[in-house]
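Letters go in sequence order (proteins before strands), and every chain restarts at 1. Just so it is clear, the structure is predicted and the values come from calculations on it, not from any experiment.
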Protein chains: 2
Amino acid sequence: MATIQEVAKRAGVSVATVSRVINKRSKVSMKARIRVEQAIKELNYEPSVLGRNLRNSESRLLLVLLPSISNPFYSEIINGIEDTAIGQGYNILLCETDSNPEREAIYFNMMRNRLADGIILMDPTVNQENLHELASKYPVVQCSEFDEDGNISYVTINNQLAAYQAVKHLIKLGKQKIALINSDEKFLYARERRSGYEKALKEFAIPIEEKWIYNTDNLSFESGQQAMRFLLNQEDRPAAVFAVSDLFAIGALKEINSNGLRVPDDIAVIGFDKISFSNMTYPTLTTVAQPMYRMGCISANMIINKIKGEEVDSLILDHELIIREST
Amino acid sequence: MATIQEVAKRAGVSVATVSRVINKRSKVSMKARIRVEQAIKELNYEPSVLGRNLRNSESRLLLVLLPSISNPFYSEIINGIEDTAIGQGYNILLCETDSNPEREAIYFNMMRNRLADGIILMDPTVNQENLHELASKYPVVQCSEFDEDGNISYVTINNQLAAYQAVKHLIKLGKQKIALINSDEKFLYARERRSGYEKALKEFAIPIEEKWIYNTDNLSFESGQQAMRFLLNQEDRPAAVFAVSDLFAIGALKEINSNGLRVPDDIAVIGFDKISFSNMTYPTLTTVAQPMYRMGCISANMIINKIKGEEVDSLILDHELIIREST
DNA sequence: TTGAAAGCGCTAACAT
DNA sequence: ATGTTAGCGCTTTCAA
């Protein structure tokens, strides 16, 4: 890779002039500009991000930290982030943390090293202290998950309300025995959705049965399947299931089908997220739609504004209950 | 973030000594070492990747370029890459190219800028000239897709053989009218799988019908659904479908079900990849399993060896036909 | 064993 | 309008 010196030499100017041509900030004579551009082309020169950063602390790179890329929920958000960020001249680096604090720490350090200009964080299992220390010095926004009592900007939905509405929908269908397949409650959304579930039951004076609440340790179909197997093994089995992720709901659907039961008559199922696969199942899945793409766009805008030094406000977006065949 | 100077000052030594402590390469007196380590702890110091790279050209970062993270096929590979790379002290940055040459170019430049030590490339739609120029100077390996007449190391499977076996399986089941739902044939795997499909038909003297071959422009359930809709609209409709991706097969399954036809009796369906979804469908999907996790591990090892300056050989892994309910 | 200093590629302040 | 140069944080050679 050619350096700025080589370009300067070839163009017969100083490195400063080359830098000026590249960065367009100050005036350069037409003649010099043309010669520099010519030299850049001939040498196939690209400015070094390293050198520039070291000097400027600007990389035009955004880090997106997510627990796992296999959850389609994140893919949609990322589409939004990328479309928005690229439109504004930023590039995206995806960092899978696997909810592992050590890996998180590595990516946080990339930020401290000014290898990126900002971080969009979608992983909740972060070390809080570490996060706040980072957020106090560098641009950070949270997407979907957030810190309740911190002051880091975020974009999310009203998880409690969404869950409440979902469960109410099941109750209105005449279901009373409603199970909950929940994630690990280290996730804020899991705690909120559980609270919405309980709120709806309470409102209709339905007792909350611990035996119908299952917490998985893993976001996958298999966990949903396993949860459903557990629920079906109860002597008093539920008549409906609210799963906090479409992945769980799809696994549950599968397990119900394999046991010769019918959805929704024997057991109604409702999921969360409206991932594209939720429309491919048999039967199709009732689910709570989150505006994932929009969440992505908004979080990208938020972080870019933050990088520019602006104040940004947190945002709670609307969700929507999508009623399909499974209820 | 503290710098090496501050640490040196606090420890009462020179920056060189601090560097020596950090990098462990040369001898430092016990006394100095302890004082430096103390200062590092007190200042919460982390070496700057930027400064180090600029000097050393080593980042311990790997770039993984993939067309889209929404295809679960890639998620599995990435798991393998990450587990292996992290085990060897490398970190992973995921770069979604969207098959866009401009975005590809940006990530290639990060490599040229020595922001990463190597690239694992899973996107085929790369500008060939650009790729070879890059690969001639920096460590690059290809995973799944590769360049037939280049000399870039790769790991892949025998796509032609796998497709041939899949189609033969359908023929053995008594199916003669076999449709193909294929990707855009800019992908090498798409060309190879088509060739395997044709080879099987020829072997059994079954004519190849263009009307039963559908190329999608997009890897999604919806494309598979659309393809199937097209095939079902033929007056002479196929009795079996070979889809080159489970995503297509799942979309096709959905479309067949919605039309009141039965799988596999009316139409048998076979997919490709054995993504985890493929076991959740109704009926479950027969598919060709690729050792995705292993492909990931191997490509990570290949790139790391390449970075170390070793010669690495390309590898073709085994696949396996997984027969389930859809055939 | 240690320190001083050069230099990696770049930008911006300053000088011309 | 252009050039000279210091310095961003680090490693490594050379000298002591």
Side-chain angles (χ1 to χ4, degrees), chain A residues 1-40 43-61 109-117 137-138, chain B residues 1-40 43-61 109-117 137-138:
Chain A
M1 203 68 182
T3 71
I4 200 171
Q5 276 87 345
E6 300 174 61
V7 174
K9 197 163 154 194
R10 183 171 201 112
V13 297
S14 74
V15 291
T17 301
V18 177
S19 178
R20 286 183 188 108
V21 171
I22 295 165
N23 296 296
K24 302 185 167 62
R25 281 193 231 294
S26 63
K27 319 235 152 285
V28 181
S29 71
M30 209 39 164
K31 199 167 54 178
R33 159 164 285 116
I34 289 171
R35 295 180 58 183
V36 169
E37 277 165 354
Q38 174 70 13
I40 287 176
L43 292 170
N44 196 17
Y45 166 77
E46 281 286 339
S48 159
V49 180
L50 253 38
R52 176 177 296 170
N53 280 17
L54 198 52
R55 178 67 208 194
N56 265 10
S57 299
E58 196 203 42
S59 62
R60 296 237 139 207
L61 247 31
N109 277 335
M110 289 181 57
M111 177 74 243
R112 290 189 248 263
N113 281 330
R114 313 285 357 202
L115 236 149
D117 293 347
K137 297 186 188 152
Y138 305 99
Chain B
M1 202 68 182
T3 72
I4 200 170
Q5 276 89 343
E6 301 174 60
V7 174
K9 196 164 156 194
R10 182 171 202 112
V13 297
S14 73
V15 291
T17 301
V18 178
S19 176
R20 286 183 188 108
V21 171
I22 295 164
N23 296 295
K24 301 181 169 64
R25 282 193 232 295
S26 63
K27 318 242 152 285
V28 182
S29 70
M30 209 40 163
K31 199 169 52 180
R33 158 164 287 116
I34 290 171
R35 296 180 57 184
V36 168
E37 277 165 355
Q38 175 69 15
I40 287 176
L43 292 170
N44 196 14
Y45 167 76
E46 281 285 342
S48 157
V49 180
L50 252 39
R52 177 177 294 172
N53 281 18
L54 198 52
R55 180 64 207 197
N56 264 9
S57 298
E58 196 204 39
S59 62
R60 296 237 140 205
L61 246 31
N109 277 335
M110 289 181 57
M111 176 75 243
R112 290 189 249 262
N113 281 331
R114 313 283 0 200
L115 235 150
D117 295 345
K137 296 186 190 153
Y138 305 99

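- On the nucleic acid side, DNA chain C contacts chain A at distances under 4.0 Å to non-hydrogen atoms, with the end points of that region at C:dG9 to C:dA13.
- Atom NZ of A:Lys31 and atom P of D:dG3 are 11 Å apart (whole Å).
- Remark: of the listed residues A:Val18, A:Ile40, A:Leu43, A:Val36, A:Leu43 is the sole one forming a side chain to side chain contact (heavy atoms under 4.5 Å, CB included) with A:Arg10.
- In this entry the distance linking NZ of A:Lys9 with P of D:dG3 reads 15 Å, nearest Å.
- Atom CD in B:Gln5 sits roughly 7 Å away from atom P in D:dG9 (whole-Å rounding).
- Between the P atom of D:dG9 and the CD atom of B:Glu6 lies a distance of 8 Å, rounded to the nearest Å.
- Atom CD1 in A:Ile4 sits roughly 14 Å away from atom C1' in D:dT4 (whole-Å rounding).
- Nucleic acid contact for A:Thr17: sugar-phosphate only, since backbone atoms but no base atoms lie under 4.0 Å from a heavy atom of the residue.
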Could you walk me through whether A:Asp117 and A:Tyr138 satisfy the side chain to side chain contact (heavy atoms under 4.5 Å, CB included) test, starting with their C-alpha distance in whole Å, then the side-chain angles of each, then the deciding distance to 0.1 Å, before giving a yes or no? CA-CA 8 Å; A:Asp117 293 347; A:Tyr138 305 99; over 6 Å; no

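- We find that CG of A:Leu50 is positioned 11 Å from C1' of D:dG9, with the value rounded to whole Å.
- Between B:Gly51 and B:Ser48, the closest heavy-atom pair is N-OG, 3.0 Å.
- Put simply, the side chain of B:Glu37 never gets that close to the backbone of B:Ile34: no donor and acceptor are under 3.5 Å apart.
- One can place CZ of B:Arg60 at 14 Å from P of D:dT11, the figure rounded to the nearest angstrom.
- Rounded to an integer number of Å, the gap from CG of A:Asn109 to C1' of D:dG9 is 15 Å.
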